[in-house]
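All ligand and atom numbering here is 1-based and tracks the order in the structure. All of these numbers come straight from a predicted model, not from anything done at the bench. Position 1 is the first residue of the sequence; numbering continues from there.
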Amino acid sequence: MQIYKAKDYQDMSRKAANIISAQVILKPDCVLGLATGSSPVGTYQQLIEWYKKGDLDFSRVTSINLDEYRGLPGDNDQSYRYFMNHNLFDHVNIRKECTYVPDGLEPDPQKACAAYEEIIRKSGGVDLQLLGLGHNGHIGFNEPADSFPKETHCVDLTESTIEANKRFFASIDDVPRQAYTMGIGTIMSAKKILIIVSGADKAEILNKVINGPITPQVPASILQLHPDVTVVADEAALSAVTC
Ligand code: F6R
């Protein structure tokens with residue numbers, strides 16, 4: 001694992017955006033695996049800024065997002081499709097038809113997940129996968145479990161994730177109870193992985209991810225086995241990392 005220490009959230013975002021830009025410049029028709037949440041917002045803002053300056057071209061890029069709530073349409077402002085349009089896609093020249101998010105409106109989980117694996121396969125695979133880190137070590141919606149789920153699948157959200165996400169909804173009852181997410185195997189098959197982590201509240205879990213045993217109880221710990229992982233984290237998030 002290559003670990004870069006950033007000063008703060010803004011610095012982390014700029015460093016992460018640099019790595020993503022390098023990917024887009026070196027391989028203009030690359031496949032970017034993207035994430036939602038608060039961690040990547042600054043990275044996307046930086047990419048938009050560079051695009052507007054004329055330094056980046058997304059016209060041949062394909063993007064494949066990690067996950068989506070089951071049951072939410074893309075125009076619901078809490079859907080991950082809406083987040084991606086709003087935070088990145090609407091502001092750069094990526095072709096919308098080349099941006100993929102699991103179909104939250106497909107009621108049949110098997111169909112939705114198999115279709116998504118097929119999209120990833122047909123794209124030739126993800127060149128660079130961007131990840132955020134959950135407080136319990138989750139990546140995508142792969143929560144702590146007894147085993148590592150392999151492919152895209154439907155998950156029941158844990159109470160802690162429902163609790164963490166309720167701030168975005170009118171009431172806790174409105175938080176969807178299920179999501180479609182890439183599996184750990186899907187994530188691990190990306191050629192490169194970039195995980196961004198910010199804040200002291202993620203320090204303990206980040207130390208477990210980097211230095212702890214590889215266990216499905218800390219899903220992101222599996223990244224220790226990936227040959228090309230870059231961690232960009234701010235000082236606060238790295239404060240408990242022992243080496
Ligand atoms: C988002 C995702 C999640 C988040 C994680 C961290 O697509 O799959 O795993 O990356 O929950 O969320 P933030 O960045 O909001 O702390």
Side-chain angles (χ1 to χ4, degrees), residues 6 8-10 12-13 16-17 20 32-46 63-70 72 74 76 78-89 99-104 113 116 120 126 128-145 148-149 152-169 175-176 178-188 190 193-206 208-209 216 218-223 229-234 236-237:
D8 50 22
Y9 178 84
Q10 209 190 340
M12 174 195 81
S13 302
I20 296 170
L32 296 179
L34 297 176
T36 60
S38 47
S39 305
V41 170
T43 304
Y44 296 152
Q45 280 168 358
Q46 183 65 80
S63 73
I64 304 186
N65 261 77
L66 279 169
D67 42 17
E68 177 61 285
Y69 288 117
R70 180 175 180 222
L72 286 196
N76 181 301
Q78 292 311 323
S79 75
Y80 288 174
R81 159 57 72 183
Y82 185 96
F83 175 100
M84 288 310 302
N85 287 346
H86 187 72
N87 284 287
L88 183 64
F89 301 152
T99 65
Y100 298 97
V101 179
D103 182 1
C113 298
Y116 210 57
I120 298 167
V126 172
L128 174 64
Q129 176 67 55
L130 176 65
L131 297 174
L133 178 65
H135 288 99
N136 57 6
H138 74 220
I139 43 177
F141 269 120
N142 295 283
E143 305 285 1
F148 291 109
T152 303
H153 58 291
C154 182
V155 283
D156 295 327
L157 304 194
T158 61
E159 281 311 312
S160 79
T161 299
I162 293 168
E163 192 60 33
N165 291 359
K166 75 168 187 216
R167 64 191 195 275
F168 301 116
F169 293 85
V175 185
Q178 288 186 316
Y180 296 138
T181 180
M182 282 186 191
I184 292 291
T186 328
I187 293 171
M188 288 292 280
I193 293 181
L194 167 61
I195 180 162
I196 54 176
V197 193
S198 169
D201 51 325
K202 298 220 177 134
E204 289 301 328
I205 193 69
L206 182 57
K208 285 190 188 157
V209 168
V218 181
S221 62
I222 191 108
L223 298 177
V229 176
T230 303
V231 180
V232 179
D234 61 17

Give a table of atom pairs where an N or O of ligand 1 lies under 3.5 Å from a protein N or O.
residue	atom	partner	partner atom	Å
ligand 1	7 (O)	Thr36	N	2.9
ligand 1	7 (O)	Thr36	OG1	2.8
ligand 1	7 (O)	Asp67	OD1	2.8
ligand 1	8 (O)	Asp67	OD2	2.5
ligand 1	8 (O)	Gly140	O	3.4
ligand 1	9 (O)	Gly140	N	3.3
ligand 1	9 (O)	Gly140	O	2.7
ligand 1	11 (O)	His138	NE2	2.6
ligand 1	14 (O)	Ser38	N	3.3
ligand 1	14 (O)	Ser39	N	2.8
ligand 1	14 (O)	Ser39	OG	2.5
ligand 1	15 (O)	Ser38	N	2.8
ligand 1	15 (O)	Ser38	OG	2.9
ligand 1	16 (O)	Lys202	NZ	2.7

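- Summarising the geometry of Gln178 relative to Asp156, their closest heavy-atom pair is NE2-OD1, 2.8 Å, with the distance given to 0.1 Å.
- Heavy atoms only, all atoms of each residue included: Met84 and Ala35 are closest at SD-O, 3.7 Å.
- Pairing each heavy atom of Asn142 with each of Gly183, the nearest pair is OD1-CA, 3.8 Å.
- The aromatic rings of Tyr69 and Phe141 lie tilted to each other, with the angle between the two planes from 30° to 60°.
- In terms of modelled atom types and a separation under 3.5 Å, the side chain of Glu68 and the main chain of Arg81 share a donor-acceptor contact.
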Validation: residues 129-138 side-chain donor-acceptor distances under 3.5 Å, sequence neighbours left out:
residue	atom	partner	partner atom	Å
His135	NE2	Asp201	OD2	2.7
Asn136	OD1	His138	N	3.0
Asn136	OD1	His138	ND1	3.1
Asn136	ND2	Glu143	OE1	2.8
His138	ND1	Glu143	OE1	3.1

